[in-house]
**Q** 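Here's a structure for you.
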Amino acid sequence: MSGSDGALVVAVFLATSVEMVEAATIVVAVGTTRGWRGAATGALAALGLLVALVAGLGPALMRIPIGTLRLVVGGLLLIFGLGWLRRALLDASGIAATAPAMVAGGPPPRALATPEPEAAPPPLALPSPSVPRHDHHLDAYAVTVSFKGVLLEGLEVAFIVLTLGSSQRRIGLAVLGAAASMAVVAAATFVLQARVSRLPETLLSVAVGVLLVSFGTFWGAEGTGIEWPGADAALPVLAGFVALTALVALAVLRRFVAGPAVATAP
Amino acid sequence: MTRVLRVTVGVLRELVVGDDPLVALGVVALLGACAALAHTGSAGWWLPVVGVPGLLGTTLARGLRERRWGGPR
């Protein structure tokens, strides 16, 4: 193997590792909070589609509009992530869902003025993010989120392999670099997921919401043509910023919830 | 068949709209503004950095009102 061959393998390994870590983060986040069966099913379905696309299209795969895909996946992930984070933060703040009004002297609560029977939940309505980590049935949300994340990142990996591999006419070596990267990331994910699953459920729900919002913001903005300073390096910074925002929001919510409740306590 | 359709629509609605339709509208508006800014060639990365916390704050305020008083006010 010549020096340029080695450089190619290392370049592909590093470039694809970034994408695979992003995909693995989503799968671990969803799997830990919503169940591994759904997350694994989504990831495997995306991998199956990727293999079919690569085998069927080959170099023509480069014609897939990755910007549009980023925009759609990022936008949907951002909507889903904001909804998730909203529920996680409201749950973590301690306020009960559809609780009767606790504020004395406040505006007349609609629920008390005209009591209505509790509406039946819509079919497959998204439960609170802090759902039990059950594995006995397939969770459509875990499947969808995991599928989208792995498909998008997998396509980026395929683009990297095709671009770098074809530029040196050594696609085989590029595939080798990507396979090595996949093995390392998969092993690291396996080790990490056991530790992550021991975290408190509330913390985990908020963390998953932060990750979904961060990935959604990053991909959605990239899909519109915006360039992040530092490219992929901006993602952890963005995640830190979203986490800080979530913590501030949680602190504000807790203060807001605690104040009137204490004032009206019997 | 009807049940499958209902479940599919329910899942899609949950994924695309979620709890708060304002979030979906806000995200579409935010990404539209990002696209417009990117089209002009200006550095627009600050827009989602500002817009997403704004959306989160708005939907949390609405969620708090819903949970306390049983519905959006």
Side-chain angles (χ1 to χ4, degrees), chain A residues 71 74-76 78-80 82-87 89-90 93 95-103 106-112 115-116 122-126 140-141 144-145 213-214 216-218 220-221 223-229 234 238 241-242 245-246 248-249 252-253 256-257 260, chain B residues 3-28 30-73:
Chain A
L71 179 61
L76 287 174
L78 184 53
I79 293 169
F80 187 73
L82 280 170
W84 181 296
L85 195 53
R86 163 190 152 115
R87 290 184 196 193
L89 288 173
L90 287 171
S93 72
I95 187 166
T98 61
M102 294 181 289
V103 186
R110 192 181 302 172
L112 289 183
E116 292 170 9
L124 270 184
L126 180 66
Y141 300 99
T144 313
V145 174
V213 168
S214 306
T217 306
F218 187 79
T224 63
I226 278 179
E227 289 179 12
W228 289 99
L238 183 65
F241 176 72
V242 175
T245 306
V248 170
V252 171
L253 276 175
F256 193 74
V257 168
Chain B
R3 188 178 178 278
V4 171
L5 191 66
R6 206 172 60 232
V7 166
T8 308
V9 169
V11 171
L12 285 176
R13 187 192 170 281
E14 190 68 47
L15 280 173
V16 178
V17 180
D19 275 350
D20 187 358
L22 196 72
V23 168
L25 287 174
V27 167
V28 170
L30 180 64
L31 292 179
C34 285
L37 206 57
H39 190 68
T40 64
S42 328
W45 60 267
W46 56 269
L47 189 56
V49 171
V50 173
V52 168
L55 272 176
L56 180 63
T58 308
T59 190
L60 278 175
R62 284 164 60 88
L64 188 64
R65 277 198 296 270
E66 283 170 24
R67 287 197 180 197
R68 292 196 123 184
W69 295 312
R73 301 179 67 83

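Letters A, B, ... are given to chains in the order of the sequence lines, protein chains preceding strands, and every chain is numbered from 1.
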**Q** I'd like to check the ring pair (Phe, Tyr, Trp, His ring centres under 6.0 Å) partners of A:Trp228; sequence neighbours left out, ordered by chain and number.
**A** A:Phe218
**Q** CG of B:Leu55 to CZ of A:Arg86: how many Å apart, nearest 0.5 Å?
**A** 12.0 Å
**Q** Let's test your reading of the structure: which of A:Leu71, A:Leu238, A:Leu82, A:Thr245 forms the most heavy-atom pairs below 4.5 Å with chain B?
**A** A:Leu82
**Q** Which bit of A:Ile226 comes within less than 4.5 Å of chain B, counting heavy atoms only: side chain, backbone, both or neither?
**A** both
**Q** Below 4.5 Å, heavy-atom pairs only: which of B:Cys34, B:Pro53, B:Gly44, B:Gly51 has the largest tally toward chain A?
**A** B:Cys34
**Q** So which of A:Val213, A:Leu78, A:Thr224 has the biggest tally of heavy-atom pairs under 4.5 Å with chain B?
**A** A:Thr224
**Q** Given the options B:Gly26, B:Pro48, B:Ala61, which has more heavy-atom pairs under 4.5 Å with chain A than any of the others?
**A** B:Pro48
**Q** Could you go through the side-chain contact (heavy atoms from CB on, under 4.5 Å) check for B:Leu37 and B:Trp46 one step at a time?
**A** CA-CA 11 Å; B:Leu37 206 57; B:Trp46 56 269; 3.8 Å; yes
**Q** Could you work out, with side-chain contact (heavy atoms from CB on, under 4.5 Å) as the rule, every residue matching A:Ser93, not counting sequence neighbours?
**A** A:Ile95, A:Leu250, A:Leu253, A:Arg254, A:Val257
**Q** In Å, rounded to the nearest 0.5 Å, how long is the span from CG of B:Asp20 to OG1 of B:Thr59?
**A** 3.5 Å
**Q** Measuring heavy-atom distances to chain A, does B:Val27 have an atom under 4.5 Å in its side chain, in its backbone, in both, or in neither?
**A** side chain
